[in-house]
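The structure appears right after this line, and notes come after that.
Just the heavy atoms: all of them, side chains too, but no hydrogens, waters or symmetry mates, feed the values below. Indexing begins at 1, ligand by ligand and atom by atom, following the structure's order.
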Amino acid sequence: MDRIAIISDIHGNLPALTSVLNDIRAKDIETIYCLGDIVGKGPNPKQAIKEVQKNASKIVQGNWDDMMTMDIEDTAIKWQQSQLSIEERQWLKSLPFSIELWISGNLMRLFHASPFSVHKRIQPWDSIEKRLSMFNQTDKTVNHFGVPNVIGYGDVHNAYLQNFSHKSLFNVGSVGNPLEIPQASYCIVEGAYQSRKNDSFSIQFIRVPYPIEETIQLTKASDMPEKEKEAFIKELKTAKYRGLK
Ligand SMILES: [Mn+2]
């Protein structure tokens, strides 16, 4: 059986990313996919890009990655943009929308937020219609092989698995900005890679404690706007979203 580690939503949190990469290596897993939001919110977007480029073989775009080349009047976005070179920002812009693969007879599609847009969010508590729409074909998805029965994504920073209507919907959670448990989150999928033959298939959810205090110190030491520092540090400690739910 083959194993693929799926990470997402690093958000420039280097201590969390390092801890997760060490955990993946300790499990002898060689294939890593990343579901976007490498940058945004956290203090080390540049280093996060470097590590993801070095370690992940497939990477899709997140909403923050997309915003790095947009002209938006927002101090948080402007600060993140100021940390990156033109080349890094264009690389984020060029990232693909989705990944599709056969694994143990399952057609699995991976993307950041939903098949509609990196900016369109679907939560685990949304209506069944909304959750079923995660399996839709759109002009953004790859659609090489047909309609997927397994969807994996990031974006909501909330790891979960739901089985319904003969389908599986899972979220890998967030490496650098988890919003349920203050520990880094990622998934491992195990099955026969590129096999259309039905066989055993599993999704494992892993939590990795990491030195949060280090990330807090890196955030404090950066020249990020004070308001953004406070909000990010609060989210790291509490694992609660700063905005309204
Ligand atoms: Mn995110």
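At least one N, O or S atom of H11 sits under 2.8 Å from the Mn ion (ligand 1).
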Using a 3.5 Å cut-off and no angle test, enumerate the donor-acceptor pairs between side-chain atoms of residues 182-195 and protein atoms at least two apart in sequence or in another chain.
| residue | atom | partner | partner atom | Å |
| --- | --- | --- | --- | --- |
| S185 | OG | V172 | O | 2.8 |
| Y186 | OH | D23 | OD2 | 2.6 |
| S195 | OG | K197 | N | 3.2 |

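Restricting D37 to its N/O/S atoms, the shortest distance to the Mn ion (ligand 1) is reached by OD2. Checked against the Mn ion (ligand 1), the N, O or S atom of D9 at the shortest distance is OD2.
Nearest approach of I151 to M134, heavy atoms of both residues: CD1-O, 3.3 Å.
No hydrogens or angles considered: nothing links the side chains of N63 and H119 as a donor-acceptor pair under 3.5 Å.
Using a 4.5 Å heavy-atom threshold, the side chains of N13 and Y210 count as touching.
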